[in-house]
Amino acid sequence: MKNWITEKHQKESLAALKRLIDIPSVNTADGTSFPPFGKAIEECLTEALTICEELGMTTYHDPAGFYGYADYGQGEELIAVLCHLDVVPAGDLALWETDPFQAVVKEGVMYGRGSQDDKGPTIAALYAFKAVVDSGVAFNKRIRFVFGTDEETLWRCMAHYNLKEEQPTKGFVPDSAFPVTYAEKGLLQAKLIGPGSTAFALACGDAFNVVPGNAQYQGQDAQLVSQKLAELGISQTLTDQTVTVNGKAVHSSAAGQGVNAVNQLATGLVQVHSHPMLQFLAEKVGTETNGFSIFGEVKDEMTGELTFNVATINVTETKSEIELDLRIPVSYPAADLVPLLEKAAAAYGLTYEEFDHVPALYVPKESDLVQTLTTIYQNKTGDQTQPITSGGATYARTMKNMVAFGAHFPDTKSLAHQANEGISITEMVQAMDIYAEAIFQLCCN
Ligand SMILES: [Zn+2]
């Protein structure tokens with residue numbers, strides 16, 4: 001297989017990536033007015049489409065601001081590459097060694113929020129396309145890059161796209177890992193709501209899809225809370241009247257590899273303040289990340305075990321609320337699990353409210369698409385890793401015949417949603433080369 005990527009493509013792609021990272025495209029609005037997810041996301045969408053125009057594509061910017069796309073080539077069939085431009089918040093700035101929204105290259109790594117998820121892979125796919133165009137081969141199919149703006153929250157962008165726009169024949173999503181992800185767990189995000197408290201207040205956690213890496217408690221009895229936590233062996237610091245529990249933030253889909261600071265805080269705090277929400281967390285969740293005490297064992301051969309993440313907790317005088325993120329094995333319908341969760345919550349006087357549900361993805365391993373992409377990856381890298389399944393949710397499940405394809409390599413540490421997110425330039429260029437071959441085989445053969 002040919003090596004597609006020149007030094008010029010490398011240089012230009014890094015400059016383009018910096019243009020996207022430097023726009024802090026964190027969702028700051030609720031989707032009901034223009035721009036639907038805030039000015040920065042709108043600006044980032046405009047910038048991405050400008051880059052596409054510079055690469056010779058024709059672009060469309062949804063006037064309502066939910067999505068945009070860029071087209072090239074001709075023919076009946078439409079091959080799609082689905083990307084997203086929104087990013088999760090930076091989190092604790094003290095943990096970052098650089099400004100998360102000022103891309104910096106240090107020792108061969110470009111750092112910045114979105115460098116891995118998903119601006120880096122997006123740019124890799126775009127400059128892969130450019131490399132194929134530059135090689136002079138003709139496109140006998142059309143290619144479309146679709147840019148979503150709401151991936152880290154509710155995927156309203158793709159819902160709008162699917163209502164109004166052409167469906168692709170097939171394609172890939174550069175928002176996961178190599179080789180190819182052909183099955184993704186179902187995703188359920190929900191809230192449990194209970195009574196407030198006049199004795200204490202809490203506001204911990206960032207987003208549904210992040211395991212909270214720290215959780216703070218403030219109050220006059222902080223010392224006592226700290227002591228209870230210490231007795232349980234929970235890592236924490238006490239300053240004045242604030243206890244900070246130190247967990248480990250990871251993506252919700254990898255909940256088992258993180259340490260959930262909210263659950264840990266709850267197990268200590270409940271010994272000082274009796275409250276149904278804390279009791280629920282201490283008794284039904286604790287250190288479990290597979291929901292076993294609520295659902296029993298939920299596990300299949302294809303996609304593994306259920307993951308259960310308590311992403312946030314908020315307790316005010318009038319209300320308490322936790323946000324949950326569940327990744328459900330493909331052979332379990334969410335509809336079977338929800339009643340069990342409702343029942344477990346009801347036992348503590350908590351009510352269940354669904355926030356988002358995205359069904360699982362499944363494209364057969366034997367399909368042409370999975371086989372073609374896997375073969376390209378294997379030939380390019382020499383790595384014989386077989387197609388995989390994942391707990392992560394990508395846009396692949398929003399359309400037919402789409403799979404997730406890169407851009408993480410199996411041995412790369414995922415820093416998505418974490419502090420000091422960075423992409424190795426060598427790996428980005430390698431991904432670019434793999435994407436170029438994929439675009440060539442899908443669009444020019
Ligand atoms: Zn992503």
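Both ligands and their constituent atoms are indexed starting at 1 by order of listing.
The closest approach of Asp117 to the Zn ion (ligand 1), by N/O/S atoms, is made by OD1.
In summary, no N, O or S atom of Glu152 is located under 2.8 Å from the Zn ion (ligand 1). The Zn ion (ligand 1) has no N, O or S atom of Asp118 inside 2.8 Å of it.
To the nearest 10 degrees, the Zn ion (ligand 1) sees NE2 of His84 and OD1 of Asp175 at an angle of 110°.
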task: Test salt bridge (Lys or Arg N to Asp or Glu O under 4.0 Å) on Asp71 and Arg142 and set out the steps.
output: CA-CA 7 Å; Asp71 289 348; Arg142 290 173 295 138; 5.5 Å; no
- request: Go through the steps to decide whether Phe147 and Tyr67 satisfy the test ring-ring contact (aromatic ring centres under 6.0 Å, His included), and finish with yes or no.
  value: CA-CA 6 Å; Phe147 301 100; Tyr67 62 89; over 10 Å; no
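At least one test fails for Lys191 against the ring of Tyr352: distance under 6.0 Å to the centre or angle within 45° of the axis.
Defined by atom type and a distance below 3.5 Å, a donor-acceptor pair is missing between the side-chain atoms of Asp117 and His251.
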